[in-house]
Amino acid sequence: MMATLTVWRFPTATGADEALEILKRLQRQEVIKVEDGAVVSWPADARKPRTRHLGDMTGMGALGGAFWGFLLGAIFFVPVLGMAAGAASGALGGHLANLGIDDAFVQQVREKVTPGTSAVLVLTTDAVLDRIRPEFEGRHAELIRTNLSADEEARLREAFTEGR
């Protein structure tokens with residue numbers, strides 16, 4: 001089963017927390033399996049977003065905080081480092097691309113998750129999309145998605161799975 005790295009973006013700083021409750025319910029109903037995830041909330045008056053790992057929703061084999069720190073750092077914090085970080089961000093971007101997360105995906109998230117918004121980033125399998133979409137209607141959620149091949153998912157897990 002192919003893993004999907006999904007980002008749902010919300011037009012408010014609290015929308016992601018509300019969506020998380022929906023995801024938890026859908027997971028209990030076995031409509032989706034959340035392998036791992038993180039929440040980003042960016043209050044309008046904040047310089048940078050607040051992030052947190054969803055360790056409570058995920059089980060064994062979760063990628064853990066290292067992956068989410070790496071990905072969220074690549075999306076939100078690397079550009080702040082200035083010109084000297086250009087080479088480092090290129091290396092970082094190349095590494096993410098090897099894991100099935102291309103620059104276009106990173107750029108799209110960076111452009112859309114801005115002050116006053118929030119997002120849920122989840123690595124999922126076994127999603128029944130026809131049953132998930134209606135749950136998000138009326139919430140102004142914008143879906144940004146990338147699918148990972150079996151090889152990319154294996155490389156991702158090899159690089160980031162934390163021992164438990």
### Task
Please step through side-chain contact (heavy atoms from CB on, under 4.5 Å) for the pair Glu35 and Thr125, ending with a clear verdict.
CA-CA 7 Å; Glu35 300 285 341; Thr125 55; 2.9 Å; yes

#### Entry: Non-neighbouring partners of Glu21 that pass salt bridge (charged side-chain N to carboxylate O under 4.0 Å, His left out), sequence neighbours left out
Lys24

### Task
Among Val120, Leu121, Val122, find the residue that satisfies the side-chain contact (heavy atoms from CB on, under 4.5 Å) test when tested with Val7.
Leu121

#### Entry: Pair Asp17-Arg52, side-chain contact (heavy atoms from CB on, under 4.5 Å): steps then yes or no
CA-CA 11 Å; Asp17 288 317; Arg52 73 179 194 277; 2.8 Å; yes

### Query
Out of Ile32, Asp36, Ile132, which one pairs with Thr124 under the side-chain contact (heavy atoms from CB on, under 4.5 Å) rule?
Ile32

### Query
What residue pairs, at least two apart or across chains, pass side chain to side chain donor-acceptor pair (under 3.5 Å) with a residue in residues 3-16?
Thr4-Asn147

### Query
Can you name the nearest heavy-atom pair linking Phe10 to Ala19, along with the distance?
CZ-CB, 3.2 Å

#### Entry: Exercise: identify the closest heavy-atom pair between Ala16 and Ser118
N-OG, 2.9 Å

#### Entry: Within 6.0 angstrom of Gln29 CD, more than 12 heavy atoms from elsewhere
yes

Distance-only donor-acceptor hits, side chain of residues 134-142, under 3.5 Å, sequence neighbours excluded:
from, atom 1, to, atom 2, distance (Å)
Glu135, OE1, Arg25, NH1, 3.2
Glu135, OE1, Arg25, NH2, 3.0
Glu142, OE2, Lys112, NZ, 2.3

